[in-house]
Protein chains: 2
Amino acid sequence: METTYTEENYLKAIWSLSTKSGKGVSTNKIAERLETKASSVTDMIRRLSEKGLVDYIKYQGVKLSDEGREVAVRVIRKHRLWESFLVDKLGFNWDEVHDLAEQLEHIRSTELTDRLDSFLGNPKFDPHGDPIPSRDGSFPERERRLLQSFGPGDEIIVTGVSDSSVAFLQFLNRMKLELGTHLRVVEHIDFDQSMLVQREDGNEQLLPQGVVSQLLVTEKLN
Amino acid sequence: METTYTEENYLKAIWSLSTKSGKGVSTNKIAERLETKASSVTDMIRRLSEKGLVDYIKYQGVKLSDEGREVAVRVIRKHRLWESFLVDKLGFNWDEVHDLAEQLEHIRSTELTDRLDSFLGNPKFDPHGDPIPSRDGSFPERERRLLQSFGPGDEIIVTGVSDSSVAFLQFLNRMKLELGTHLRVVEHIDFDQSMLVQREDGNEQLLPQGVVSQLLVTEKLN
DNA sequence: ATATATTTTTAGACTAATCTAAAAATTGAA
DNA sequence: TTCAATTTTTAGATTAGTCTAAAAATATAT
Ligand SMILES: [Mn+2]
Ligand SMILES: [Mn+2]
Ligand SMILES: [Mn+2]
Ligand SMILES: [Mn+2]
């Protein structure tokens with residue numbers, strides 16, 4: 001099955017907007033992510049659906065099919081390997097490589113991808129701490145610990161919750177904390193066991209004790 | 001000026017079909033090179049002409065403008081640097097890298113190109129012996145002539161091929177001829193224009209006419 | 001010089017991907 | 001439950017790049 005680079009970008013967007021909740025991804029969310037119009041998204045989704053890469057019911061949002069997910073994960077693998085190459089071998093900074101990887105991720109050759117992987121020493125995580133899928137599409141596992149066990153300067157990624165209650169999850173939504181959110185610990189507040197953290201956009205945020213003691217995070221590997 | 005990858009491929013084709021004779025490149029030659037139809041070529045040439053990348057007069061063929069030549073040379077620089085990367089760093093054979101470089105040559109970033117150049121140690125020639133233009137577009141000089149122009153006693157180094165087809169490159173592999181191979185001409189066989197040469201290990205080898213007439217070599221200075 | 005063959009251009013149509021504007025479906029608040 | 005706001009889809013148009021078939025220009029052979 002041939003996929004154009006545009007189709008690959010749509011599949012990647014749907015992949016990253018998909019939650020485990022089983023709900024389809026909305027047309028508007030995809031349009032926003034890809035900086036395009038909702039009508040263009042509807043068009044493209046119809047085409048992806050005809051190719052069997054997504055499951056789509058009008059007005060109900062869209063989900064990746066098994067084949068669509070495989071394509072998306074292969075592109076993500078290439079994206080993260082190229083980012084690793086650019087940082088580790090060419091000396092780029094981690095904040096300079098994303099747009100280049102957006103181009104390189106569409107180069108077609110599993111032989112090249114696998115040789116690049118081995119040239120880099122089969123890295124498990126990219127320069128942003130994100131897991132690099134292996135040839136067969138499986139993501140590496142990471143050690144997860146409670147946020148409260150980290151201290152100032154530590155850089156972490158939200159990777160789970162030890163309390164799955166609706167109340168806690170909804171509270172996390174309100175705090176704009178979700179799986180994959182990157183944080184840097186600024187300060188541990190002894191007074192009430194809360195924690196001051198910095199988000200990727202540079203803004204600081206105070207996390208209350210209830211969150212600090214229940215949120216599972218993974219240390220970013222350098 | 002934005003150029004699409006398709007436009008880049010046309011400019012590159014016109015560049016490599018251009019002779020010093022000052023005559024324009026014909027529509028049919030371009031169509032043949034790019035495996036497309038003459039009518040498509042006419043269309044694209046009209047567009048390149050409107051962008052000022054080529055000089056075009058109906059029925060008179062097409063020439064690159066200064067700006068068009070700059071674009072072509074930048075693409076060629078990337079193509080040859082990526083080929084060098086694939087062979088020197090990822091361990092591909094020289095007959096496996098061309099199609100991959102056809103994709104990689106369109107990645108847009110002079111910063112990436114220049115860093116790749118320096119990562120490779122600023123190579124002057126690609127894995128096929130072709131010169132790699134520098135950042136400013138100038139080609140390194142090296143006197144190369146066809147093997148057939150040499151005679152008994154001459155000592156030479158293989159520095160290129162005038163035919164880069166996979167079939168020819170693989171034949172050279174079978175003959176154990178590669179860039180950097182040192183040879184001494186023993187005898188020119190008039191009967192079929194083949195040539196007897198001596199290798200560095202002292203063994204003699206008969207090179208058929210097809211090789212003698214396509215292999216580019218540089219004279220060894222003593 | 002004329003006729004024929006070849007090359008090149010034009011005309012018209014197709015596909016992928018996009019857009020704007022309008023219609024239809026869904027959501028959600030009174 | 002009804003109506004207004006929001007979301008999503010449809011309709012129709014545009015652009016880059018391509019194609020086939022036909023017309024026009026150029027080259028070649030008698
Ligand atoms: Mn990235
Ligand atoms: Mn992309
Ligand atoms: Mn090449
Ligand atoms: Mn190309």
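Side chains are part of it too, since the values below use all heavy atoms of this structure and drop only hydrogens, waters and symmetry mates. A, B, ... follow the sequence lines: proteins, then strands. Residue 1 opens every chain. What you are looking at is a predicted structure, and each value in this text was computed from that prediction instead of being measured.
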## Note on the structure
Protein-proximity profile, nucleotides 12-22 of chain C, B/S/- by nucleotide at the 4.0 Å heavy-atom cutoff, equals ----SSBBBB-
### Query
Is B/Tyr59 near enough to C/dT6 that one of its side-chain N or O atoms lies under 4.0 angstrom from OP1 or OP2?
no
### Query
Between the side chain of A/Thr113 and the main-chain N/O of A/Ser109, is any donor-acceptor distance below 3.5 Å?
yes
#### Entry: Whole-Å distance separating the CD1 atom of A/Ile57 from the P atom of D/dT7
21 Å
### Task
Take the protein atom NZ of B/Lys29 and the nucleotide atom C1' of C/dT6, then report the distance between them rounded to whole Å.
13 Å
### Query
Closest heavy-atom contact between B/Arg115 and A/Gly91?
NH1-O, 3.1 Å
### Query
Per the side-chain contact (heavy atoms from CB on, under 4.5 Å) rule, which among B/Leu216, B/Leu172, B/Val87, B/Val158 passes with B/Leu179?
B/Val158
### Query
Taking atom C1' of D/dG17 as reference, at what distance in whole Å does atom CG of B/Leu11 sit?
15 Å
### Over-ring placement of A/Lys89 relative to A/Phe119, 6.0 Å and 45° cut-offs
yes
### Summary
For B/Asp55, the salt bridge (charged side-chain N to carboxylate O under 4.0 Å, His left out) test, sequence neighbours excluded, returns none
### Query
D/dA16 P sits how many Å from B/Glu2 CD, rounded?
12 Å
### Task
May I have the distance from B/Gln60 (atom CD) to C/dT7 (atom P), rounded to whole angstrom?
16 Å
### Query
So how far is it from B/Asn173 CG to B/Met175 CE, rounded to the nearest 0.5 Å?
11.5 Å
#### Entry: Whole-Å distance separating the CZ atom of B/Arg46 from the P atom of C/dT10
7 Å
### Message
Regarding A/Thr42, tell me which of base, sugar-phosphate or nothing describes its non-hydrogen contacts under 4.0 Å with the strands shown.
### Response
base
### Nearest-Å distance for atom pair CG/C1', residues B/Leu53 and D/dA16
15 Å
### Task
Check the distance between D/dT8's C1' and A/Glu32's CD and give it to me in whole angstrom.
15 Å
### Query
Counting only side-chain N and O atoms of B/Asn28, is one of them less than 4.0 Å from OP1 or OP2 of C/dT6?
no
### B/Arg142 charged N/C atom sitting above B/Phe125 aromatic ring, 6.0 Å / 45°
yes
